[in-house]
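Read the structure below first, then the notes.
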Amino acid sequence: MRQKELRLALVCYGGVSLAVYMHGITKEVWHLARASRAFHHPQAVALDGVAAAYRDFLKTIERDHGLQIRVLPDILTGASAGGINAVFLAQAIHAGHSLEPLTDLWLANADVSELTDPEAEPMWRYAKLWAQPIAEWFLSRPGNAVSATVSPETRAEVRAKVSKLVRGRWFSPPFSGARFSAMLYEAFMRMAEEGDRIPLLPLGYPIDLAVTVTDFRGHPETLRLNSPPQVEETEHRLPINFRARVGENGCAPLADPLELVLAARATASFPGAFPPLTLAEIDALAEAEQHDWSGRAAFLQRVMPTHVERGTVSEVALIDGAVLVNAPFGAALSALYGRPAQREVDRRFVYLDPRPDGGAAMTGPASRKVGFFGAIFGSLSTIPREQPIRDDLERIEHQSRDAARLKRIVMELQGDIDRAVEKLFGYTFLLGRPNPKRLAGWRAKAQQAAAERAGYAFGSYALVKFDGILEQLARVTLKAAGQPLGDPMPLAHAFRCELEARGLGLLTDAGGGATQGAIAFFRAHDTGFRIRRLQLLARKLARDWQVDPGIAEDALDRARDRIYEILAIYLRADEDVQHVARFRELAGNAVQHPGAVLDFLATQRLLPATDLAAEELLIDALEDMPKELKRRMLLTYLGFPFYDVATLSLSRREGLDEYNPVKIDRISPDDALSIREGGTAATLRGIEFYNFGAFFSRDYRENDYLWGRLHGAERMIDLLASTVTGGVSAEALREGKRAAFLAVLEEEEIVGRCQRGLVEQIRAEVREKLG
């Protein structure tokens, strides 16, 4: 049975009250991940509703196409309203929490009457009596905003709530940031209570969360120029990133709930609607909830190191992340690395865009003259949020082309490299049981042969490898010094100068191979080479050799498990050294004393015993393999220097873990037309009143939430089907969507969250369209 991992990197746009719609979509991503977990581990948990429908579709694919798909939503990024949904989904996936309480938050609390700051509310009916005629004229005059953008049956409700806002506090944000933060905290607590605490990703698997935030006052960043050598500019982008490995600390959450609240509250701090977020607001929440935020200092040092260094943390004011970055593709792309593959990988970037029409209702028809306020508000809000993502998509496409090219190179080299290794050692090396000493000798011989055959190219390879090691050592050191986002280049330069002073000026000798000094340096510090070698083995086990009927799947499974066990030894090297107090002390003065850092890392980070333990595990694994698999493993392991010389200069990456082409998918009302044609305008109500519509009406929120679930369900089935080579049959696709739609509607009917009439109307449409 072929196996494939469908890995989802989710990019959630901002959209003001359309956050409710996006919540419906992310809920379906959560249900699909639950279904995938249950499909591969049937004893883990019972399923019903739409999750069971997704599991049945996975079974259909397995039955009809001999393909088992594992769905892994492992990268989640977002801005503004999309950022909130990304934060909650990441927590649910990582810690096995339930998303159901978040639905209640959106439907019950995402209303102006709940969000309004008590101090901003008018105290009585005739408060600001002089403002009442203005409000009535503004809301009732011909062509007014309510009449133009709000449906007739909801205009009275919207007018009443807008009038209340107009007569409330002026020139201050009407919504309460503290109240919003408290709602977010409550949702996290309830999610934990209702979840099953079984993660939706495999143990040890990394999950990344990144939300964009705008630092209103900014912080200085250094730019390096020719002249002057460096200048300082003010940077307003402030990404908040989280990374964790599933099960690393038992059932611990992705991060402290207060840190997740801070990220969600900050990224959605819509200018003018909410006050900017300050740290005092989160500290007050911690005190009110009696929550011990023990990691506060470490978190602040990680996300805003410049402010911590300058002592300006208390002055930081954070506003909506969509002001500068509404579609954080870059954060998702940066998170791709460090994700080894145990199966064939189908990597997707899936972005949620609730308004693919570009917000026509906000900008107006082209024939209308751009007015004074229209130009200002459009420049400040609308245009930055609607800026096309062409640059991001072109960057992803370029990387995908490079990845595909690298894969072709590796495949084309395989035959020549296998023959070179066999010629180098003869066939007899496959007959005996290798021991650590013999395997080390084979490795050294293969590396020397690769250097000799590379000729002049070996010099450039050694230089690329040397530079990469220095940059990695600099990153490890900066992280230990509490500066994970610092520029590694100055420290890497200091390391290089120190090594040159010690005599490592040349990396290659007259014969074309590495000098003795370079060999010693690579042995002491080059974890990247060791990791790349194991990752190439893992990739071939996961993809290239999986289709060979002569190798049993259980043998491949055992081999994969052992390779990842060995890989973990090297991956832990950089993590373990971070916890050594002496290294943190040295890291603080690394630029002034680079030699002390290099000496410490050479003796503590990658000991000779590490290589010995790793190769003993490899030898045990080889003994357990059938002859053909053992032959391929040894040929690839010993032939890796040939691959590395040919590919490292092209990839310039630390690993070969996920060098797969990336495909891009969109989820929007315009892409899910199986139930109702017309896209956004025909299905969503939150687009009314300048995308704030759902904040003024529970009916609107119920409508958008339900359509979000249905559109998400349709696109989940589409994604699964597109993972199958050649696709699935039209009949299977129709049946899969129909089952998912009806399951969603039945779930909502049972819990009674949405109007019965709305559920019945859409159910009738489903049956009319899909039978």
Side-chain angles (χ1 to χ4, degrees), residues 12-28 50 81-82 106-107 110 145-155 157-158 350-366 382 385-386 665-718 733-734 737-738 740-742 744-745 748-749 753-771:
C12 306
Y13 282 20
V16 199
S17 76
L18 293 174
V20 183
Y21 171 75
M22 287 187 282
H23 166 63
I25 296 174
T26 56
K27 196 169 184 180
E28 294 312 300
V50 72
W106 283 126
L107 294 183
V146 175
S147 299
T149 67
V150 178
S151 300
E153 67 272 17
T154 318
R155 287 174 188 168
E157 179 184 7
V158 174
V350 181
Y351 68 96
L352 277 56
D353 185 1
R355 291 217 63 171
D357 60 356
M362 298 182 72
T363 57
T382 310
R385 290 166 183 269
E386 299 299 340
D665 299 274
R666 185 181 73 172
I667 300 179
S668 80
D670 289 0
D671 308 314
L673 305 175
S674 293
I675 301 175
R676 185 184 295 178
E677 301 285 342
T680 302
T683 54
L684 302 190
R685 308 300 296 274
I687 61 174
E688 297 178 1
F689 204 59
Y690 308 112
N691 285 348
F692 277 86
F695 287 155
F696 290 91
S697 170
R698 164 107 190 192
D699 289 350
Y700 280 15
R701 293 195 293 280
E702 291 175 6
N703 176 86
D704 289 4
Y705 159 70
L706 187 54
W707 277 110
R709 290 202 64 184
L710 294 167
H711 289 167
E714 177 166 357
R715 296 298 284 146
M716 293 306 102
I717 296 295
D718 287 338
L733 193 62
R734 186 183 68 82
K737 290 182 179 181
R738 181 180 183 277
F741 294 153
L742 294 177
V744 167
L745 294 169
E748 295 303 329
E749 185 176 51
R753 272 188 298 240
C754 299
Q755 308 163 60
R756 186 175 183 85
L758 175 65
V759 173
E760 291 178 347
Q761 175 191 343
I762 298 177
R763 182 185 285 123
E765 293 183 53
V766 170
R767 288 173 174 162
E768 180 182 354
K769 281 290 192 72
L770 301 175

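The basis for the numbers below is simple: all heavy atoms, side chains too, and nothing from hydrogens, waters or symmetry mates.
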Answer yes or no: is there a side-chain heavy-atom contact under 4.5 Å between Glu702 and Val20?
no

Set of residues satisfying side-chain contact (heavy atoms from CB on, under 4.5 Å) with respect to Asn703, sequence neighbours excluded
Arg685, Trp707, Leu758

Atom of Cys754, atom of Leu706 and distance for their closest heavy-atom approach
SG-CB, 4.4 Å

From Met22 atom CE to Ile25 atom CD1, the distance as rounded to the nearest 0.5 Å
8.0 Å

Is there a side chain to side chain contact (heavy atoms under 4.5 Å, CB included) between Glu28 and Val744 once you walk through the steps?
CA-CA 9 Å; Glu28 294 312 300; Val744 167; 4.0 Å; yes

Contact between Ser674 and Phe741 at the side-chain level, heavy atoms closer than 4.5 Å - yes or no?
yes

Could you tell me which residues satisfy side-chain hydrogen bond (donor to acceptor under 3.5 Å, both in side chains) with Asp670, sequence neighbours excluded, listed by chain and number?
none

Value for CG (Leu352) from CD1 (Ile667), rounded to nearest 0.5 Å, stands at 5.0 Å

When rounded to the nearest 0.5 angstrom, what distance separates CZ in Arg738 from CD1 in Ile717?
13.5 Å

Output all residues satisfying salt bridge (Lys or Arg N to Asp or Glu O under 4.0 Å) with Glu748, sequence neighbours left out; order by chain, then residue number.
Arg709, Arg753

Taken in chain and number order and not counting sequence neighbours, the residues that satisfy side-chain hydrogen bond (donor to acceptor under 3.5 Å, both in side chains) with Thr680 are none

Enter the distance from Leu745:CG to Leu710:CG here, rounded to the nearest 0.5 Å.
5.0 Å

Do you know the tightest heavy-atom contact between Cys12 and Gly82?
CB-O, 3.3 Å

List in chain and number order the residues that pass salt bridge (Lys or Arg N to Asp or Glu O under 4.0 Å) with Lys27, two or more places apart in sequence or in another chain; answer none if no residue qualifies.
Glu100

Asp671: side-chain hydrogen bond (donor to acceptor under 3.5 Å, both in side chains) partners, not counting sequence neighbours
Arg666, Ser668

Considering residues at least two apart in sequence or located in another chain, which fulfil the side-chain hydrogen bond (donor to acceptor under 3.5 Å, both in side chains) criterion with Glu749?
Arg756, Arg763

side-chain contact (heavy atoms from CB on, under 4.5 Å) involving Ala694 - partner list, sequence neighbours excluded
Ser17, Tyr700, Arg701, Asp704

Return the CD to CG distance between Glu714 and Leu733, rounded to the nearest 0.5 Å.
8.5 Å

Listed by chain and number, what are the ring-ring contact (aromatic ring centres under 6.0 Å, His included) partners of Tyr705, not counting sequence neighbours?
His23

For residues 764-771, dump all side-chain donor-acceptor pairs below 3.5 Å to protein atoms at least two apart in sequence or in another chain.
unit_1 : atom_1 : unit_2 : atom_2 : d
Glu765 : OE1    : Arg676 : NE     : 3.2
Glu765 : OE2    : Arg676 : NH2    : 2.6
Lys769 : NZ     : Ile675 : O      : 3.3

